[in-house]
Q: 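Have a look at this one before I ask anything.
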There are 2 protein chains.
Amino acid sequence: MVRLSKKVEYGLIAIRHVATRSNGELVTAKEIADRYHIPYELLAKVLQKLSKAGLIVSHQGVRGGYTLAKHPSEIRVSKVINAIEGTLPMIAQCMSEGPESCGVFSVCTIKSPLHKVQANIEQAFNSMTLMEIV
Amino acid sequence: MVRLSKKVEYGLIAIRHVATRSNGELVTAKEIADRYHIPYELLAKVLQKLSKAGLIVSHQGVRGGYTLAKHPSEIRVSKVINAIEGTLPMIAQCMSEGPESCGVFSVCTIKSPLHKVQANIEQAFNSMTLMEIV
DNA sequence: TCAAAATAGGACTGAAAGAGTCGTATATTA
DNA sequence: TAATATACGACTCTTTCAGTCCTATTTTGA
């Protein structure tokens, strides 16, 4: 519980790797998969999501690959996570899926403290950019 | 991903409830289960863990139940979580289960930023006591 | 022009974790 | 001694996660 998914880990490692080659050079999914011992197909999907989210740019075809779409300082970790998971990390179900999703919501007495922690975590992911990871 | 378990939610709600009756009055698992619509057996186990961890005191027998073991200001949320889960929330596997558990560890390039976030989360749970939840 | 190399993406499988249930034992009280 | 509580292991069911498979599409260069 309260663990980042492997996809997010792989995504962060991957986009960081792309960032290190930000001289315009293309990086392929295969290259990253080999280098970090990440299952290729899984990584490929993660990269596709990062691409669809506009964090990296994809180039199809024979000498294709990926490059960063923006400067590392403009890529927040929260955006990377959001791109991969479709949502930010939420420590309680009611936060991500709404009050109806939680059978306890109406009588729940710990909403406000949990929101505090939640804000704290979001802040951590939001304030961290690729810049400080590279 | 990055979600507290239902057990932890129930545990926090429950121990907070016990705290509100801290005039020495006993609170039963059944009472809490009814009041918050929590499955009784599940809640019972959670309370047992809190009891074993010394956060609440159990009284068996007919007019038994639970009371707080300490002053609310001395009960950190991190302790509650730890009692229930056996470990604090760790955002990466290598943190809770060691380097060998992660196939990527040796070449992982995001350890240090993740540790930063981890420290942040721990701080949040550590600095929050029952006092501010009641 | 066509084979090779790359991304795109849906469908599927297997394993692990999470949530909840069941059954039984033990302690305490009235 | 019956009723009411906690104690606790074993089990089931469901969902999520990680990973695989398969096929399509795009692009390059020989």
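Order of the sequence lines fixes the chain letters, A, B, ..., with proteins taken first and strands second; residue numbering starts at 1 for each chain.
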Q: Answer yes or no: is there a donor N or O on one side and an acceptor on the other, between the side chain of Q118(B) and the main chain of P89(B), under 3.5 Å?
A: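 The answer is yes, because a donor-acceptor pair under 3.5 Å joins these two groups.
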Q: Spell out protein contact along nucleotides 3-9 of chain D as letters: B when the base is contacted, S when just the sugar-phosphate is, - when no protein heavy atom is under 4.0 Å; keep the 5' to 3' order.
A: BBSBBBB
Q: Between I13(A) (CD1) and dA18(D) (P), how many Å, whole number?
A: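 Taking CD1 of I13(A) and P of dA18(D), I get 13 Å after rounding.
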Q: Calculate the interatomic distance between L26(A) atom CG and dT26(D) atom C1'; express it in whole Å.
A: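 Taking atom C1' of dT26(D) as the reference, CG of L26(A) is at 14 Å.
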Q: Would you mind reading off the distance between R3(B) atom CZ and dG18(C) atom P, rounded to a whole angstrom?
A: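 Whole-Å distance recorded here is 12 Å.
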Q: If I take atom NZ in residue K7(A) and atom P in nucleotide dG19(D), what distance separates them, rounded to the nearest angstrom?
A: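 After rounding, the reported distance stands at 11 Å.
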Q: Mind calculating the distance between CG (L43(B)) and P (dT21(C)) to the nearest angstrom?
A: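 Taking atom P of dT21(C) as the reference, CG of L43(B) is at 12 Å.
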Q: Is there a side chain to side chain donor-acceptor pair (under 3.5 Å) between S78(A) and E122(A) once you walk through the steps?
A: CA-CA 7 Å; S78(A) 58; E122(A) 278 179 22; over 6 Å; no
Q: What's the CG-P distance between L42(A) and dG10(C), to the nearest Å?
A: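 Going from CG in L42(A) over to P in dG10(C) covers 15 Å.
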Q: With a 3.5 Å distance limit and no angle check, can you tell me whether S127(B) reaches the backbone of Q123(B) through a side-chain donor-acceptor pair?
A: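 A pair under 3.5 Å: yes.
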Q: Rounded to the nearest 0.5 Å, how far apart are CD1 of I75(B) and CG of L68(B)?
A: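 Nearest 0.5 Å value for the CD1-CG distance: 4.5 Å.
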Q: So is K111(A) actually on top of F105(A)'s ring, under 6.0 Å and inside 45° of the axis?
A: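 Judged by the rule (NZ or CZ under 6.0 Å from the ring centre, within 45° of its axis), K111(A) counts as positioned above F105(A).
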Q: State whether the side chain of N82(B) and the backbone N or O of T87(B) hold a donor-acceptor pair below 3.5 Å, judged by distance alone.
A: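 Pair found, side chain donor or acceptor close to backbone of T87(B).
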Q: Whole Å only: how far is the CD1 atom of I38(A) from the C1' atom of dG19(D)?
A: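 Between C1' of dG19(D) and CD1 of I38(A): 13 Å.
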Q: Quick check on DNA chain C: between P39(B) and E97(B), whose nearest nucleotide comes earlier from the 5' end?
A: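 That would be E97(B).
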Q: For the pair made of CG in L4(B) and P in dA19(C), what is the distance, rounded to whole Å?
A: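 It works out to 10 Å between those atoms.
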